[in-house]
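Letters A, B, ... mirror the listed sequences (proteins, then strands); counts begin at 1. As a basis for the values below, the full set of heavy atoms in this structure was taken, side chains included, without hydrogen atoms, waters or symmetry mates. Since the model is a prediction, treat every value here as computed from it, not as a measurement.
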Amino acid sequence: MNIPSNSGERTRWRPFRFGGAQQVSEDVAEEMRFHIDSRIADLCREGLSPEDARARAVLEFGDVEASKAELAQIDHRIVSRRKRSDWLGGWKQDLQLAIRGLRKRPGFSATVVATLALGIGATTAVFSLANATLLQPLPYREPENLVHIWEARLDDVTQQSEASFPNLRDWRVSNHSFASLDGYNQTNLTLGINGAVSRIRGLRVTPGLLGTLGVAPALGRGLITSDEKQADGPVVVVTNQFWRSQLGGRNDVLGQHITLDGTPHSIVGVLPAEFHFAPGQDFAVWLPIQFDSRASDARGFHWLNIIGRVRDGVSPGTAHQDLAGIMRRLAAEYPESNEGRTVIVKSLRDVVVGDVQPLVVLLLAAAGLVLLIACVNVAGLLLARSSARAQELAVRGALGASRTRMARTLLTETLALACVGGALGIGVAIIGVRVMTSAVPEQMRLSLPTLENVRVDSTVLLVTALITIVCGVGAGIIPALKAGRADIASLMRQGGRSLAGGSGHSRSALIVAEIALTIVLLVGTGLLGRSMLNLMNIDFGFDSSQVLTARIALAGAEYQSNVQQQKYFEQLLTRVQAVPGVAQAGAVSNPPFNGGSSGQFRVEGEVEPSPASRPDALIRGVAGAYFETLRIAVQSGRTFLPTDDSTRPLAAVINASLARKLFPSGSALGRQIRFYAGSAKPWTIVGVVADVATGSLDQPAPNTIYMSHLQSPQNRMSLVLRSRGDPGVLANNVRDIARALDPQLPVYAIETMKDRIQRMPEVSSRRFPLVLIAAFSASALLLAVVGIYGLVAQVVHSRTREFGVRRALGAGRMEVMSLVLRRGVMLAVLGVMAGSAAAVVLTQFMQSLLFGIAKFDWPTYAAVVAVMLVSALLASLVPARRASIVDPVLALRVED
Amino acid sequence: MNDDLALLQGTLDLLVLKTLTWGAQHGYAVARSIKDSSDNSLIVEDRALYLALHRLEEREFVEAEWGLSENNRKAKYYAITPAGRQQLKAKSSQWTRYAEAVFKVLGTNLKPA
């Protein structure tokens, strides 16, 4: 056998190194040519003529062109695969280099990773919040078609109210935009179950509401029209949470009874677990609407909140126009009740998240700022590092590394750091989310149950990954680009130090940017903080210290008559006043900061107002020493005496702003008013008291008319008592007294007035973001200080020689120190100016969250600027001091 | 004709790999080797051979390098890779088992390799 042997010397080279498609074809052609020529040579050796040999060789091979095509195809695939693995191999190499480099400088790497983790973690945590609250759809069928409807006055659409049932009937009949319209009303009920009584919140609804929302019950059925008439006795549908907690979650509850307000109700359905009634709070039970003649027939009696499902393709605007048109027609037909009234239509989504949206957006902005500051910080650190590595990079460039390749190496380093930082950031976010959800105020949690679902889920992780990559690239791009542009020759000559001067400018720019961003955050925090302080210091019109409130609702047969109700509360007050710790006690139908019933009235002796412009006022029934207990000032006349009872003329006390409105010139005392609803007996004004804030904090005090409960009986009142010491300790006394009087009546909503104020949405909704933003600002300030320190230290380090020379030439320590300090302070000043300008612009968007302060609140700005400048000074101090003690001899040595 | 080619392709890969275990060679040399080793009974179609060589390169059983031939001409040399050697081992034992089975059915004794 002839075994062909390798030839001796041979130069070899891997094919396809730098080739493209052209190269592949040429190579294939070359290979075929070699084969044919070799065959020709062999044939010639066997004796054929060259022409015959060629003809024979070509014939033997077959279709050369087809062969070339096939082979070229295969080779193209080989080339692509090789290019791909080269590319990947390059990245792998870069990554290994990067990791090795970073491990050699653990301090630098740790700083960068920590900074990024902070920024990414904060952003991720806040994004989780935004994801759960703003981005989740409401738990109903096609929630985008659901709207919430109120009635309102045409001349002042902020005066909105519930709708009346006759109006709802007309809307249902005459509309073109809605598939269904349903109403609900909140109520409190006394629950009697297994012998224990408690107070629960319930929802009274029109039968179709569940259907409008598109929710099917988990057990049993929803409510149907015949339930209103209670043909088979009163029925109730319970929520899933109630079913689990109070009824044991048993499947046989249908048909069982629970007692509500003394009457047994049969359970006909259980709502599903994932369902929550978004517009409202923690309702335990759903009941059919209760109609009395007034509720069903009085067009002027507003008590129903309306939810509607619009037909597909109809916008809330169109639906609004539709209903507004119907209202105009009704105003003409029933001027007495409907003149000057219209509707407000809002998408249900806006109603539910509307309050929390500006908050979450603010938090996102703040977190975004922190992230930006972190990236700027990291970019600065990277620039410093790359200038220190200038020599290494120069050598690499001289050895043939392309600029893109070097840039890619640096970018890989940054991305590696970013990924580690991102991973840590997720950990930070998970902890942050847990802290955040525990700090969410109760009010927010109740009105937005999706807050329970805030967690780091796959959407959030995806966004985090994206942020990480963007940060990595963003922070690393500047140093990477600069590396490519380094002038190698000069670098080698001057030993790398000169690069510091150049990058010092970019780094300074970064520091200025960082300071500016920090200023924006600090200003935001300051403005919110001052708003909070303003809120806490509002004069509410009464003294809220040492006051305890508790509410009692009378229900059942024993309390049907007026006399019985009045007797109960009088007895209650007598007993409460006898408690040693109680200084004074009284009661009121609705305490401050709660709404309450209102009524329209007219003043005797004045021109009868048109229905659209009738004055109305909140009506409060009071008992005992109410005004004295809350220290509401009496401006003229008197408050109520025990003699103001059913045998005497009806006496009313009004608040100061109402008195001013009704009787701008002259006294209100002695004037009489009559109400439109109920009996038309006149009430004589016997006193004027100071305004008391009721309802919303930043709105003017509403018109309020007070009456003694002896003349206007109340079946539910809030006890208010002023304690000599800590009001909280009296809670048990109150419970004991109530239980002794009648164990069937629950006492609920027991809290001190101070706590009540803290619970108000205006207060709690501002405190929550304030705490978070304060935390962000503190982090930002820390990062800025660290950044300034780092830059100044680096500048000092690079100018060590210069400082040595100066000292050698006789410069004092202070002189050198001030040289360095000037740099730091100058940067801070620039940053402060830029930041203040930006803050003025950006805080425009915070307007809705501010309270009691102007947009440009100069004390806040002054304080923030001072803090920043002092911090910058302190940050520069340490390296400045180090510069001043440079030993001239050491510095003048040739550095290595 | 077509399926003859396909069958041959699988066996051809085996023969090419075996040939290359004796050293790196260019395509023409491999063709000649196979012809000589089989005492002229196996004649390989040139197209099929080069197809086999390039496919083996794609599957990384052989690797190719440009070099200079005996008469100083530029030629593409193929060498077997470790993966190729493993493939050769696997495929040749497979082929042997196949041949034994066929022979059993045909009732003839297998000649020693």
In plain terms, say whether A/R82 and B/E63 are close enough for a salt bridge, that is, a side-chain N and a carboxylate O under 4.0 Å apart.
-> no
Heavy-atom count around A/K68 NZ within 6.0 Å, excluding the residue itself: above 12?
-> yes
Answer yes or no: is there an ion pair linking B/R32 with A/D42, defined by an N-O contact shorter than 4.0 Å?
-> yes
With distance as the sole test, does A/R81 use its side chain to make a donor-acceptor pair with the main-chain N or O of B/E58 at under 3.5 Å?
-> yes
What residue, out of A/I36, A/L71, A/V28, A/D63, has the most heavy-atom pairs lying under 4.5 Å from chain B?
-> A/L71
OG of A/S38 to CD of B/E70: how many Å apart, nearest 0.5 Å?
-> 8.0 Å
Pairwise distance CD1(A/I78) to CD(B/E60) - rounded to 0.5 angstrom = 9.0 Å
May I ask you to test the A/D37-B/Y28 pair for a side-chain heavy-atom distance under 4.5 Å?
-> no
Residue pair B/Y50 / A/M32, side-chain heavy-atom distance below 4.5 Å | yes
Inspect the surroundings of CD in A/Q73 and state if more than 12 heavy atoms from other residues, nucleotides or ligands are less than 6.0 Å away.
-> no
If you draw a 6.0 Å radius around CZ in A/R54, do more than 12 non-hydrogen atoms from other residues or ligands fall strictly inside?
-> no
Smallest heavy-atom separation, A/E31 atom then B/W66 atom, equals N-CH2, 4.2 Å
Within 6.0 Å of CH2 in B/W95, more than 12 heavy atoms from elsewhere | no
Pairwise side-chain contact, B/K76 with A/F34, heavy-atom cut-off 4.5 Å (strictly under) | no
